[in-house]
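Structure record follows, encoded as structure tokens.
For reference, positions follow the sequence shown, starting with 1. Keep in mind the model is a prediction, meaning the values are calculated, not measured. Because only heavy atoms are used, hydrogens play no part in the values below, and waters and symmetry mates are left out as well, while side chains stay in.
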Amino acid sequence: MALLQILTYPDPRLREKAQPVDAVDAQLRQFIDDMAQTMYAAKGIGLAATQVGVAKRVVVIDLSAERDRLQVLINPRIVARDGVQVCEEGCLSVPDVFEEVERAERVTVSYLDRDGQAQQMDADGLLAVCVQHEIDHLDGKLFVDYLSRLKQDRLRKKAGKRQREETRV
Ligand code: NI
């Protein structure tokens, strides 16, 4: 297994729309293992392939305290949504930013599992938030896109400053 590099805002690759996976094979499972390892190492609860620069519709999620309940969603699609909830979100690709975002309270998501089997899952609460956040990543969307124009301007300035500092030699 290998750790993958997590792209950070405003990297343009985070804006790419990911393509559906057409074969769940050994190579894909290797990539999924790398994604999981990368998510655990970064102490995240979810990671989308887009965030590691791979434009494929793959998501890993683990909300368990013990970090032993990995959920793999390949080609995830929300087929039903209901209700409204507001949750404070963060993102491994937008370090140090936590903001409230409004999302559906419950979603039903269809996907392929690690073995390529079609599955359907009902999610609510934090899992529903996570599923919506990660599928947004696959569509090139970030949680900060939901914030006010003013807050987005501030974030862009902050990210630009951070980038300049990182490239200083
Ligand atoms: Ni994220």
Roughly how far, to the nearest 0.5 Å, is the [atom2] atom of [Y] from the [atom1] atom of [X]?
X: Ile32; Y: Leu70; atom1: CD1; atom2: CG; value: 8.5 Å
X: Arg67; Y: Tyr40; atom1: CZ; atom2: OH; value: 6.0 Å
X: Leu150; Y: Leu155; atom1: CG; atom2: CG; value: 10.0 Å

State plainly whether the residues Asp11 and Arg13 are in salt-bridge range, i.e. N to O under 4.0 Å.
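Judged by the 4.0 Å cut-off on N to carboxylate O distance, Asp11 and Arg13 do form a salt bridge.
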Test: Asp96 and Arg162 ion pair at under 4.0 Å:
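Salt bridge between Asp96 and Arg162, a charged N being under 4.0 Å from a carboxylate O: no.
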Taking the side chain as everything from C-beta on, heavy atoms only, tell me whether [X] gets closer than 4.5 Å to [Y].
X: Glu105; Y: Val84; value: no
X: Val109; Y: Asp122; value: no
X: Lys56; Y: Thr50; value: no
X: Leu142; Y: His133; value: no
X: Thr108; Y: Gln120; value: yes
X: Met39; Y: Asp62; value: yes
X: Arg57; Y: Asp139; value: yes

Can you list everything that forms a side-chain contact (heavy atoms from CB on, under 4.5 Å) with Lys158? Sequence neighbours excluded, please.
Val97
Of all the heavy-atom pairs spanning [X] and [Y], show the shortest one and how long it is.
X: Ala48; Y: His137; answer: CB-CB, 3.4 Å
X: Glu16; Y: Ala55; answer: OE1-CB, 3.6 Å
X: Leu63; Y: Cys130; answer: CD2-SG, 4.3 Å
X: Arg15; Y: Tyr9; answer: NH2-CE1, 4.3 Å
X: Gly90; Y: Phe98; answer: CA-CD2, 3.7 Å
X: Ala128; Y: Ala123; answer: CB-O, 3.6 Å

For Val94 and Thr8: C-alpha separation, side-chain torsions, deciding distance, then whether side chain to side chain contact (heavy atoms under 4.5 Å, CB included) applies.
CA-CA 6 Å; Val94 193; Thr8 54; over 6 Å; no
For residues 21-41, the salt bridge (charged side-chain N to carboxylate O under 4.0 Å, His left out) pairs (sequence neighbours left out) are Asp33-Arg114
Can you confirm whether more than 12 heavy atoms, excluding those of Lys151, are under 6.0 Å from its NZ atom?
no
Dump the intermediate steps for side chain to side chain contact (heavy atoms under 4.5 Å, CB included) on Phe143 and Arg103, then the final yes or no.
CA-CA 10 Å; Phe143 82 102; Arg103 298 199 188 263; 3.9 Å; yes
Considering the options Leu3, Leu47, Val58, which one meets the side-chain contact (heavy atoms from CB on, under 4.5 Å) requirement together with Val52?
Leu47
In a check of side-chain contact (heavy atoms from CB on, under 4.5 Å) between Ile61 and each of Leu126, Val131, Ile45, which one passes?
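Result for side-chain contact (heavy atoms from CB on, under 4.5 Å) with Ile61: Val131.
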Should Met121 and Leu127 be marked as a side chain to side chain contact (heavy atoms under 4.5 Å, CB included) after you check the CA-CA gap, both sets of side-chain angles, and the distance that decides it?
CA-CA 10 Å; Met121 164 174 82; Leu127 180 57; 4.1 Å; yes
Do Leu138 and Leu14 sit in one hydrophobic cluster, given that two such residues count as connected whenever their side-chain heavy atoms are within less than 4.5 Å of each other, even indirectly?
no
What pairs of donor and acceptor atoms, side-chain ones from residues 72-82 against any protein atom, are under 3.5 angstrom apart with sequence neighbours left out?
from: Asn75; atom 1: OD1; to: Val21; atom 2: N; distance (Å): 2.7
from: Asn75; atom 1: ND2; to: Val21; atom 2: O; distance (Å): 3.0
from: Asp82; atom 1: OD2; to: Arg106; atom 2: NE; distance (Å): 3.2
from: Asp82; atom 1: OD2; to: Arg106; atom 2: NH2; distance (Å): 2.8

Distance-only side-chain donor-acceptor flag, Ser93 / Gln51, under 3.5 Å
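Yes - a donor-acceptor pair under 3.5 Å links their side chains.
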Without hydrogens or angle criteria, can the side chains of Tyr146 and Asp136 be said to hold a donor-acceptor pair below 3.5 Å?
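On atom types as modelled, these side chains qualify, holding a pair under 3.5 Å.
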Say whether, by atom type as modelled, one donor and one acceptor occur between the side chain of Gln85 and the main chain of Ala104 under 3.5 angstrom.
yes
